Asks: 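For reference, the structure I am asking about is given below.
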Amino acid sequence: MGLIKVHDKEFEIYITSKAIEQRVKEIAEAINKDYLGKKPLFIAILNGSFMFAADLFRHLTIEAELCFIKLASYKGMKSSGKVVTTIGLEEDIFGKDVVIVEDIVDTGKTLHGFLPKLLHQQPNSLKIATLLHKPEATAYPLQLDYIGFAIPDKFVIGYGLDYDGQGRNLKEIYQVK
Ligand code: 5GP
């Protein structure tokens with residue numbers, strides 16, 4: 001029951017759509033309180049966060065802006081490490097209250113590489129809202145200001161998250177069996 005197969009792997013329901021809905025509402029309420037009188041800019045990271053961002057945004061009662069960006073990593077020509085580039089950040093974030101919206105923070109590498117680029121543009125404040133967090137997988141410590149669910153270090157799909165392109169449309173979050 002509640003089992004599905006995506007590509008070669010079996011997944012079972014881990015977080016119900018009802019629990020997600022409730023938690024997203026709670027995060028929105030916290031943000032409504034914290035940003036009262038401000039006009040934050042939400043920067044949602046594609047692709048995985050589109051569903052969380054949409055649901056979170058519809059529960060906001062404060063004035064707020066939303067934009068989506070994509071982060072691409074590639075091997076630097078000389079360096080051995082990965083470089084994170086942004087695709088689509090057209091907004092000027094100078095002096096703005098910015099909230100990053102992520103689907104999941106795993107090792108923290110993606111955001112760790114991206115945050116300095118945003119801070120360089122001197123926003124007034126910068127916070128992170130992530131639906132999921134895998135604390136055990138942390139390799140690059142980050143301050144996460146709003147966390148939906150802390151989960152074990154197991155692969156999950158659904159509610160925007162994919163396994164090789166599939167599974168984003170699932171209403172629940174599923175964990176690999
Ligand atoms: P990090 O840079 O924090 O290690 O990883 C962040 C990105 O890895 C997420 O935005 C997501 O795209 C991907 N990711 C990490 N863990 C999972 C997972 O359990 N399921 C899926 N579908 N993607 C994941």
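One-based numbering along the sequence shown. When a ligand or atom number is given, it counts from 1 through the structure's own listing order. All figures in this text were calculated on a predicted structure; none of them were measured in a lab.
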Asks: Any N or O on Asp162 sitting closer than 3.5 Å to an N or O of ligand 1?
Replies: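 Between Asp162 and ligand 1 (N or O atoms, distance only) the closest approach is under 3.5 Å.
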Asks: Under a heavy-atom criterion of less than 4.0 Å, does Tyr163 contact ligand 1?
Replies: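 The answer is no: ligand 1 sits nowhere under 4.0 Å from a heavy atom of Tyr163.
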Asks: Do Tyr174 and Val6 come close enough that some side-chain heavy atom pair is under 4.5 Å?
Replies: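 They are not in contact (no side-chain heavy atoms under 4.5 Å apart), so the answer is no.
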Asks: Aromatic rings Phe155 and Tyr163: how do their planes relate, parallel, tilted or perpendicular, breaks at 30° and 60°?
Replies: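 The arrangement is perpendicular - the two ring planes meet at more than 60°.
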Asks: Measure the distance from atom 5 (O) of ligand 1 to every protein heavy atom, then report the residue, atom name and distance (to 0.1 Å) of the closest one.
Replies: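 I find the closest protein heavy atom is Asp106 CB, 3.6 Å.
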Asks: If you measure every N/O of Phe155 against every N/O of ligand 1, is any gap under 3.5 Å?
Replies: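 Min N/O separation from ligand 1 is not below 3.5 Å for Phe155.
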Asks: For ligand 1, which atoms sit closer than 4.0 Å to a heavy atom of Leu161?
Replies: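 So the atoms of ligand 1 that pass are 21 (C), 22 (N), 23 (N).
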Asks: When you measure from atom 11 (C) of ligand 1 to every protein heavy atom, which one gives the shortest distance, and what is it?
Replies: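 Nearest neighbour among protein heavy atoms for atom 11 (C) of ligand 1, to 0.1 Å: Ile104 CG2, 3.6 Å.
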Asks: May I ask you to test the Pro40-Val98 pair for a side-chain heavy-atom distance under 4.5 Å?
Replies: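 They are not in side-chain contact.
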Asks: Assess whether a salt bridge exists between Glu26 and Arg23, defined as any Lys/Arg side-chain N lying under 4.0 Å from an Asp/Glu carboxylate O.
Replies: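 A salt bridge links Glu26 with Arg23.
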Asks: State, yes or no, whether a side-chain contact exists between Lys109 and Tyr140 at a heavy-atom distance under 4.5 Å.
Replies: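 They are in contact (side-chain heavy atoms under 4.5 Å apart), so the answer is yes.
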Asks: For Gly108 and ligand 1, does the shortest N/O to N/O distance drop below 3.5 Å?
Replies: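 Looking only at distances, the answer is yes, because the N/O contact criterion of under 3.5 Å is met.
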Asks: Strictly inside 4.0 angstrom of atom 14 (N) of ligand 1, do you find any protein heavy atom?
Replies: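 True for atom 14 (N) of ligand 1.
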Asks: Looking at atom 20 (N) of ligand 1, what's its closest protein heavy atom, distance included?
Replies: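 Going by distance alone, atom 20 (N) of ligand 1 is nearest to Val156 O, 2.7 Å.
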Asks: Applying side chain to side chain contact (heavy atoms under 4.5 Å, CB included) between Leu132 and each of Asp103, Ile173, Ile147, report the one that passes.
Replies: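 Result for side chain to side chain contact (heavy atoms under 4.5 Å, CB included) with Leu132: Ile173.
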Asks: Checking contacts here: is it the side chain or the backbone of Lys134 that comes within 4.0 Å of ligand 1, counting heavy atoms only? Could be both or neither.
Replies: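 Contact part for Lys134 vs ligand 1: side chain (C-beta onward).
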Asks: Against heavy atoms of Thr110, which atoms of ligand 1 measure under 4.0 Å?
Replies: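 Taking each heavy atom of Thr110 in turn, ligand 1 has 1 (P), 2 (O), 5 (O), 6 (C) under 4.0 Å.
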Asks: With heavy atoms only and a cut-off of under 4.0 Å, state how Asp103 meets ligand 1: side chain, backbone, both or neither.
Replies: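 Looking at Asp103 and ligand 1, just side chain atoms fall under 4.0 Å.
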Asks: Salt bridge between Glu10 and Lys5, side-chain N to carboxylate O under 4.0 Å?
Replies: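 Not counted as a salt bridge, because no side-chain N and carboxylate O are separated by less than 4.0 Å.
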Asks: Quiz question: by atom type and distance under 3.5 Å, do the side chains of Gln166 and Asp164 form a donor-acceptor pair?
Replies: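 Distance-only check fails for Gln166 and Asp164.
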Asks: Quick one: look up the protein heavy atom nearest atom 4 (O) of ligand 1 and list residue, atom name and how far away it is.
Replies: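 Nearest neighbour among protein heavy atoms for atom 4 (O) of ligand 1, to 0.1 Å: Thr107 OG1, 2.5 Å.
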Asks: Check each atom of ligand 1 against the heavy atoms of Lys109 and keep those under 4.0 Å away; list them by number with element.
Replies: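 Taking each heavy atom of Lys109 in turn, ligand 1 has 1 (P), 2 (O), 3 (O) under 4.0 Å.
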Asks: Where do Val156 and Val176 land on the side chain to side chain contact (heavy atoms under 4.5 Å, CB included) test, with the steps shown first?
Replies: CA-CA 6 Å; Val156 289; Val176 74; over 6 Å; no
